[in-house]
J.: 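One structure is given below, represented as C-alpha cells, and several questions about it will come after.
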Amino acid sequence: MGGDQVKSSKPFRGMKDVLPGEVERRNTLMGIVRAVYRAHGYLEIETPIVESLDVLFGSGGGENEKLTYRLLKRGEKLEINESTTADDLCDGGLRFDLTVPLCRFYAENMHRLPKPFRSIQIGPSFRAERPQKGRYRQFTQADIDIIGDPTQLAEIELITASGHALHTLGLTDFSVRLNDRRALDQILAKAGIEEHLIKSAQIALDKLDKLPPQQVVEELHLRGVSSPIAEGIVGKLTQIPPHKAIDAMSDLGAEEAPLFSLQTILQHSSHSVKGMRVIVDPLCVRGLGYYTSTVFEVSHPASQSSIAGGGRYDNMLSRFGLDSPACGISLGFDRILAMMDEMRLERPKGAKRLYLIFDPEIELDVALVTSREYRKAGYLVSMVSHRRGSRSPMKRLATEAEELKRQGASEEFWFQTLGEDQEPRLLMH
RNA sequence: GUGAUCGUAGCUCAGUUGGUUAGAGCGUCAGAUUGUGGCUCUGAAGGUCGGGGGUUCGAAUCCCCUCGGUCACCCCA
C-alpha cells in the first residue's frame with residue numbers, strides 16, 4: 001500500500017450503499033411483500049444476476065442492448081487484438097430485468113416445477129443508464145409471474161396479488177392502468193398508420209398523459225406519421241371517456257378478442273383490493289418489446305414514475321424452444337420505498353432493541369447470561385461495555401438510535417444498566 | 001447517450017467585487033460539573049475547499065478538462 005494514492009470510497013457510479021437502518025426497513029417491507037405473494041400460492045426462486053448475452057438479447061433487444069452491462073470474456077477466449085466489436089469481447093452480461101432470466105430458468109427446470117408455475121423473484125437488476133431520482137443503475141425488483149396459463153385468470157391473479165401486496169405495505173389510492181397492445185395496434189392500423197411506424201407511434205402516444213396533445217402530434221410527425229393522421233388519432237384518443245374506454249376502442253377499430261380480454265380482466269380485478277383502482281387506458285403502452293398483448297402499469301399520486309409494471313409475453317419462452325404462455329408483474333421496490341419515505345407513512349412498530357450496559361471488569365458473566373435470556377424473550381440485544389464511574393453512554397446510545405431511525409429502522413430502543421436497573425427501560429420509540 | 005445545474009470538516013451549511021493562519025451548528029474526543037441517566041461548562045482533534053491543469057503577485061472564489069451528485073430528455077422499475 002505504501003505510496004499508493006488514497007482511493008475514493010464512493011460507490012461506483014449509480015450504485016448505492018445501504019445503511020443498517022435502511023436494510024432493516026427494506027427487509028421488513030420485503031418480508032411483507034414476500035408473505036403476501038406466498039399467501040397467493042407463488043413459489044420463490046433465485047436466478048443468477050449474470051446471464052449470457054445470447055439469452056439476454058434473445059429477441060429484438062434494441063434498447064436493452066445499450067443498457068446492459070457486459071462481462072469481458074476471460075482467459076484465452078479473450079482475444080483483444082483480433083476482436084473488433086464489443087460483442088466479440090464479451091460473452092455475459094448483468095440482467096436488466098428478472099423476466100428474461102425467469103424464462104431461461106423455466107426452460108431449464110420446468111420438469112421439476114408445478115404447472116402452471118407461479119414464481120416470485122426478488123433481487124437486483126442492472127441498467128447502465130444515467131442515474132436520476134427513482135432511477136438507479138442497480139435496483140431491486142419484486143416480480144411475480146405465471147407461466148403456463150393462457151387465460152385472463154393469470155392477469156387477474158397477478159393484479160390481485162400485487163395490489164394486495166401494495167395495500168399490505170400501507171398504500172392506498174394507487175391505480176392500475178390496463179391495456180392490450182393488440183387493440184392499440186389495430187386502432188393505429190385502422191387510422192392509417194403504416195405497419196412499420198406503429199411501434200414508434202405508440203411510444204409517442206404513451207406521452208399523452210404528460211405532454212399537451214399538440215406536442216404529441218408534433219412528435220408523431222417527427223416519427224414519420226403524416227400530420228392529418230397524427231392529429232386525427234390524437235384527437236380521438238384524447239376524447240375517450242375513462243369509463244367507456246372499451247366501447248370507444250371498439251369504435252376506433254379494435255377487434256373483439258383483445259377487448260373481451262380487457263373486459264374480463266377489468267371486471268374481475270377491479271374490486272379485488274381495497275384502495276386499488278383498475279382502469280382501461282388505451283394509451284398505456286410500455287416500452288419493453290417483449291409484451292405481446294396485455295400490459296399494465298401501476299401508479300401512485302405520490303410518485304412521478306410508475307411503481308410497478310408488467311404484461312403478457314407469450315412468445316419469450318419460444319427462445320428456449322418452448323411454447324408456453326407467460327405473464328408477470330414487477331414491483332419497483334426502490335421506488336416504492338422512496339415514495340413511502342416521502343409520504344412519511346406511519347411505520348409498523350418493529351422489534352425491541354435492548355442496550356445492555358455492563359461493567360466488563362466485574363459483570364461480564366452476568367451480562368452474557370442476561371443478554372441470552374433477553375434474546376430468548378425476543379429482544380435484539382447489544383451489549384454495551386461501560387466502566388462504572390466513567391462518562392455515561394446514554395448520550396451516545398441515544399444519538400446512535402436516532403441515526404438508525406433516521407435511516408429507516410422502526411424498532412423501539414430500550415436500555416438496562418446492570419447493577420442499577422431491574423428491567424429494561426424505554427430509551428425511545 | 002444529449003442538455004442543464006451543483007460539489008467547502010463525519011453531517012447541514014457560511015465564506016462579501018479573487019487578498020493575509022478557510023468559519024459556524026450538530027456530531028466526535030478529552031476534562032469539569034451534575035445525586036434521577038440524552039443537561040450544562042471548558043478545551044481539542046478534524047478540511048489535498050471533488051480531482052487535474054490554466055489565468056494572476058495572489059483563487060474556495062475566474063477559465064478549461066475530468067470525476068461525482070441532482071434535474072430534464074431518451075427510456076424505464
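Only heavy atoms go into these numbers, but all of them, side chains included; no hydrogens, no water, no symmetry mates. Quick note on labels: first sequence line is chain A, next is B, and so on, each numbered from 1.
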J.: Sequence neighbours left out, what passes side-chain hydrogen bond (donor to acceptor under 3.5 Å, both in side chains) with A:Arg13? Give chain and number order.
T.: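 By the side-chain hydrogen bond (donor to acceptor under 3.5 Å, both in side chains) rule, A:Arg13 matches no residue at all.
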J.: Any salt bridge (Lys or Arg N to Asp or Glu O under 4.0 Å) pairs touching residues 297-313 of chain A, not counting sequence neighbours?
T.: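 Listed by first then second residue: A:Glu155-A:Arg312, A:Arg177-A:Glu297, A:Arg286-A:Glu297, A:Arg312-A:Asp314.
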J.: With distance as the sole criterion, do the side chain of A:Glu129 and the base of B:A77 form a donor-acceptor contact below 3.5 Å?
T.: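 Checked by distance alone, the answer is yes.
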J.: Between A:Arg406 and A:Glu403, is there a salt bridge with N-O shorter than 4.0 Å?
T.: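 Salt bridge: yes.
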J.: Parallel, tilted or perpendicular, judged at 30° and 60°: which one describes the rings of A:His164 and A:His40?
T.: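 Perpendicular.
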J.: Could you tell me the separation between the OH atom of A:Tyr136 and the P atom of B:G68, rounded to a whole number of Å?
T.: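 Answer to the nearest Å: 18 Å.
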J.: Pick the P atom in B:U17 and in B:C13, then give their distance to the nearest Å.
T.: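 Comparing P positions in B:U17 and B:C13 gives a spacing of 22 Å.
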J.: For A:Gly332 and A:Glu219, find the nucleotide of RNA chain B closest to each by heavy atoms; which residue's nucleotide sits nearer the 5' end?
T.: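 Closer to the 5' end of RNA chain B: A:Glu219.
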J.: In chain order, what residues pass the side chain to side chain contact (heavy atoms under 4.5 Å, CB included) check against A:Ser318, with sequence neighbours excluded?
T.: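 Residues passing side chain to side chain contact (heavy atoms under 4.5 Å, CB included) with A:Ser318: A:Asn315.
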J.: As a check on the pairing definition, encode RNA chain B in dot-bracket form, counting Watson-Crick and G-U wobble pairs whose two distances are under 3.5 Å, and using | for partners outside this strand.
T.: (((((((..((((.....[...)))).(((((.......))))).....(((((..]....))))))))))))....
J.: Answer with base, sugar-phosphate or nothing: what part of the nucleic acid does A:Arg388 contact at a heavy-atom distance below 4.0 Å?
T.: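 The answer is nothing, as A:Arg388 stays clear of every strand by at least 4.0 Å.
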J.: What is the distance, rounded to the nearest whole Å, between atom CZ of A:Phe96 and atom C1' of B:C75?
T.: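 Taking atom C1' of B:C75 as the reference, CZ of A:Phe96 is at 13 Å.
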J.: Name the nucleic acid region contacted by A:Ile203, choosing base, sugar-phosphate or nothing; use a 4.0 angstrom heavy-atom cut-off, strictly under.
T.: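 Since only primed, P, OP1 and OP2 atoms lie under 4.0 Å of A:Ile203, the category is sugar-phosphate.
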J.: State which residues pass salt bridge (charged side-chain N to carboxylate O under 4.0 Å, His left out) with A:Glu361; sequence neighbours excluded, sorted by chain then number.
T.: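 Residues passing salt bridge (charged side-chain N to carboxylate O under 4.0 Å, His left out) with A:Glu361: A:Arg387.
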J.: May A:Phe333 be described as stacking on the base of B:A77, applying a 5.5 Å centroid limit and a 30° limit on plane angle?
T.: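 Stacking between A:Phe333 and B:A77: absent.
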J.: Can you list every side chain to side chain donor-acceptor pair (under 3.5 Å) pair that touches residues 217-235 of chain A, not counting sequence neighbours?
T.: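 Listed once each, the pairs are A:Ser200-A:Arg223, A:Lys207-A:Glu219, A:Glu219-A:Arg223, A:His221-A:Ser227.
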J.: Has A:Gln121 got a side-chain atom pairing as donor or acceptor with A:Leu98's backbone, closer than 3.5 angstrom?
T.: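 At least one qualifying donor-acceptor pair exists.
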J.: Across the strands shown, which category fits A:Gln141 at heavy-atom distances under 4.0 angstrom: base, sugar-phosphate, nothing?
T.: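 Touches sugar-phosphate only.
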J.: Treat primed atoms plus P, OP1 and OP2 as sugar-phosphate and everything else as base, then score nucleotides 26-38 of chain B 5' to 3': B for base contact with protein heavy atoms under 4.0 Å, S for sugar-phosphate contact only, - for none.
T.: -S---B-----BB
J.: Return the set of residues passing side-chain hydrogen bond (donor to acceptor under 3.5 Å, both in side chains) with A:Glu44 (not counting sequence neighbours), or none when no residue passes.
T.: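 If we apply the side-chain hydrogen bond (donor to acceptor under 3.5 Å, both in side chains) test to A:Glu44, skipping adjacent residues, the hits are A:Arg34.
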J.: Could you state the CZ-P distance from A:Phe139 to B:C76, rounded to the nearest angstrom?
T.: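 Rounded to whole Å, this separation is 12 Å.
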J.: Can you list the residues that meet the side chain to side chain contact (heavy atoms under 4.5 Å, CB included) rule with A:Ala302, with sequence neighbours excluded?
T.: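 A:Ala302 satisfies side chain to side chain contact (heavy atoms under 4.5 Å, CB included) with A:His300, A:Met339, A:Met343 once adjacent residues are dropped.
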J.: B:G38 and B:C26: how far apart are their C1' atoms, nearest whole angstrom?
T.: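 It works out to 14 Å between them.
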J.: Could you identify which residues of residues 10-45 of chain A place a heavy atom less than 4.0 Å from some atom of RNA chain B, listed by residue number, or say none?
T.: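 Nucleic-acid contacts, sorted: A:Arg13, A:Gly14.
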J.: Just the table, please: protein N/O against nucleotides 3-8 of chain B N/O, every pair under 3.5 Å.
T.:
from : atom 1 : to       : atom 2 : distance (Å)
B:G3 : O6     : A:Arg130 : NH1    : 3.0

J.: Atom CD of A:Gln138 to atom C1' of B:C76: distance rounded to whole Å?
T.: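 Those two atoms, CD and C1', are 17 Å apart.
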J.: Can you find a donor-acceptor N/O pair under 3.5 angstrom joining the side chain of A:Arg335 to the base of B:C76?
T.: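 Result: at least one qualifying N/O pair found.
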J.: Please give, in whole Å, the distance from B:C73 C1' to A:Gln215 CD?
T.: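 From A:Gln215 CD to B:C73 C1': 11 Å.
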J.: Rounding to a whole Å, what distance do you find between A:Phe126:CZ and B:C75:P?
T.: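 Nearest whole value for this atom pair: 24 Å.
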J.: Relative to the 5' end of RNA chain B, which residue comes earlier, A:Ala128 or A:Thr140, by the nucleotide with the nearest heavy atom?
T.: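 Nearest nucleotide further toward 5': that of A:Ala128.
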J.: If you measure from the P atom in B:C62 to the same atom in B:A14, how many Å do you get, rounded?
T.: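 Nearest-Å result for B:C62 against B:A14 at atom P: 15 Å.
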J.: Looking only at side chains, do A:Tyr313 and A:Asp145 share a donor and an acceptor under 3.5 Å apart?
T.: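 Judged by distance alone, the side chains do pair up.
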J.: Can you measure A:Ile329 atom CD1 to B:C76 atom P for me and round it to whole angstrom units?
T.: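 Atom-to-atom, A:Ile329 to B:C76, this comes out as 16 Å.
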J.: Who pairs with A:Thr160 by side-chain hydrogen bond (donor to acceptor under 3.5 Å, both in side chains), at least two apart in sequence or on another chain?
T.: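 A:Ser272.
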J.: Compute whether any side-chain donor of one residue and acceptor of the other, for A:Tyr374 and A:Gln416, lie under 3.5 angstrom apart.
T.: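 Yes, because at least one side-chain N or O of A:Tyr374 sits under 3.5 Å from a partner of the opposite role on A:Gln416.
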